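Data block below; observations after.
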Protein chains: 2
Amino acid sequence: MQVSDKGDARQRLIDAALRTFGEHGFGGASTRAIARQAGANIAAIPYYFGSKEGLYRAVATHIADRITGRIGPVFAAASDRAGALSPDEAREALMRIADHFIAMMVGADEGALWARIIVREQFDPTEAFDILYERVMGPYYAALGDLLAVIFREPAESDRVKLRVFALIGQALIFRIAGAAIDRRMGWDGYTPERLDQVRAVVREHLAAVIGEGSAP
Amino acid sequence: MQVSDKGDARQRLIDAALRTFGEHGFGGASTRAIARQAGANIAAIPYYFGSKEGLYRAVATHIADRITGRIGPVFAAASDRAGALSPDEAREALMRIADHFIAMMVGADEGALWARIIVREQFDPTEAFDILYERVMGPYYAALGDLLAVIFREPAESDRVKLRVFALIGQALIFRIAGAAIDRRMGWDGYTPERLDQVRAVVREHLAAVIGEGSAP
DNA sequence: GTCTATAGTCGGATAGAC
DNA sequence: GTCTATCCGACTATAGAC
């Protein structure tokens, strides 16, 4: 990501900003708090990023980089030859993607931070939304649609297939978005590997019910 | 929406605060903007609500009231006698609730405002989360769990049933939470009655796949 | 109950030394 | 590149007139 090593205050600022923007939102996060957490000077923010908004955009780019690094390969393997897959192969690919998606967005601590920024951008899109949509959401929606199209034998660009993709993503993403409600309802205090297994099992089961069987692990 | 325009600055402030807190978050919303939008004086906020935070809590209570008014009756009808329902009756009740839930959270303009506050409270719970969980989320999760328990013949308080409830809610809620991504992917600019029908059809179809058939409209 | 005026605080950005 | 010092605007809350 960063090439120069003299400017690692820059990277520390992005990490601190990811946490702080995620926790308090853009308006609620102060550059003073971000700089303090990064062990950097307040003036370093206008210096490196031009403005608080520039820092926010840098955070979005960082998130896109990390997500691409984590699940980009899994998608690439499936979508490069989506048209040539059999329905059962497509089912298997979907299950594999679901597992990786849950591990990343729900299981990984990083995912909690990413989800907060991404959800905030859904409600009030800024330039950061463009970055995130172009680099990760859009391509992955398309890849998932290609797989569903094979399974349901419908056009990948049909509204029905596109909407199914969102519904399927929603049943997994809720476990990150509704964290506080889930903790209270389940008596949990965040995810453990065992709890994540329970979530994964339920999501897989619902996914299998929708796309049909023939998709055992 | 307005009952009286004299002396009801309090209600106008709540309405304006719902919009403004929803759009910009607690930190990003200024009492100046809220007061201006309400046609009230800034000093009316400390006067009526004690503080900006008091106004925020009043907004949460307002949301709970409105949600309870809209779908409370639908839940009450089903959950009063959930134990006595047949699986097919429980399926039917679930479908009916899903329709109302989508109409409220996805279809209604108000729902967009409520969702923003609720999601923000998930990420950073305050007293407002307690209000919303106790008054609406908790009871409705329990009612949905009772229905699923009948259908799957599993204990309503089992982790599996509780998690299934979240997954099923997630596939509907995503259509409100991921609004910007959906608009971009579908080429939409918000929901129309026709688009809402498409969403409802997909959610019903996935729901039917999970809970089993016997639940035609 | 509603207003104006203002106190007191904190925010982002800049200038300029080193 | 990193720092201190500072400007200036915006914020919440209060005091007190009417």
Side-chain angles (χ1 to χ4, degrees), chain A residues 1-62 116-117 120-121 124 126-128, chain B residues 1-62 116-117 120-121 124 126-128:
Chain A
M1 250 150 282
Q2 269 327 102
V3 187
S4 88
D5 30 77
K6 47 183 175 178
D8 79 339
R10 188 191 147 90
Q11 191 55 45
R12 291 202 313 276
L13 280 169
I14 290 176
D15 292 340
L18 172 59
R19 267 191 301 275
T20 313
F21 284 136
E23 279 169 24
H24 303 109
F26 182 81
S30 76
T31 53
R32 283 177 159 82
I34 293 168
R36 193 185 331 118
Q37 199 181 343
N41 193 277
I42 316 169
I45 290 171
Y47 178 76
Y48 282 112
F49 305 100
S51 68
K52 185 184 180 182
E53 262 139 20
L55 173 55
Y56 188 67
R57 283 192 297 271
V59 166
T61 303
H62 172 79
R116 295 162 85 115
I117 306 262
R120 286 182 202 277
E121 284 297 318
D124 278 292
T126 66
E127 278 181 52
Chain B
M1 206 171 295
Q2 281 319 111
V3 183
S4 84
D5 46 45
K6 166 186 179 281
D8 221 340
R10 189 190 148 91
Q11 190 55 45
R12 293 201 313 275
L13 280 168
I14 290 177
D15 291 340
L18 171 60
R19 268 190 299 276
T20 313
F21 283 135
E23 279 169 24
H24 306 294
F26 182 80
S30 77
T31 53
R32 279 176 161 80
I34 293 168
R36 192 184 332 116
Q37 200 180 342
N41 193 275
I42 315 170
I45 290 171
Y47 178 77
Y48 282 111
F49 306 99
S51 67
K52 184 184 180 182
E53 263 137 19
L55 173 56
Y56 188 67
R57 283 192 298 272
V59 166
T61 303
H62 175 258
R116 294 161 87 116
I117 305 263
R120 286 182 203 275
E121 283 298 317
D124 279 290
T126 67
E127 279 180 51

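Order of the sequence lines fixes the chain letters, A, B, ..., with proteins taken first and strands second; residue numbering starts at 1 for each chain. Keep in mind the model is a prediction, meaning the values are calculated, not measured.
Remark: A:T61 pairs with no residue by the side-chain hydrogen bond (donor to acceptor under 3.5 Å, both in side chains) rule, at least two apart or across chains. The side-chain hydrogen bond (donor to acceptor under 3.5 Å, both in side chains) check on A:R120 picks up nothing, with sequence neighbours excluded. Remark: A:S51 pairs with no residue by the side-chain hydrogen bond (donor to acceptor under 3.5 Å, both in side chains) rule, at least two apart or across chains. Residues passing the side-chain contact (heavy atoms from CB on, under 4.5 Å) test with A:N41 are A:A43, sequence neighbours excluded.
B:A35 comes within contact range of no nucleotide atom at all, as no heavy-atom separation falls under 4.0 Å. At a threshold of 4.0 angstrom between heavy atoms, the contacts of A:A33 with the nucleic acid are absent.
Distances were taken from every side-chain heavy atom of B:P46 (C-beta onward) to each of C:dT2, D:dA13, C:dG12; the shortest belongs to D:dA13.
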Run the side-chain donor-acceptor check on residues 26-38 of chain A: report pairs under 3.5 Å with partners two or more places apart or on a different chain.
{"from": "A:S30", "atom 1": "OG", "to": "A:A33", "atom 2": "N", "distance (Å)": "3.0"}
{"from": "A:Q37", "atom 1": "OE1", "to": "A:T20", "atom 2": "OG1", "distance (Å)": "2.9"}

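Between B:Y47 and D:dA13 there is no side-chain N or O to OP1 or OP2 distance below 4.0 Å.
Looking at heavy atoms from C-beta onward, B:F49 lies in side-chain contact with B:R10 at the 4.5 angstrom threshold.
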Could you go through nucleotides 3-6 of chain D and list every protein N or O atom that sits under 3.5 Å from one of its N or O atoms, giving the distance for each pair?
{"from": "D:dC3", "atom 1": "OP2", "to": "A:N41", "atom 2": "N", "distance (Å)": "3.4"}

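Following rounding to the nearest Å, B:H24 (NE2) and D:dA10 (P) show an atom-to-atom distance of 15 Å.
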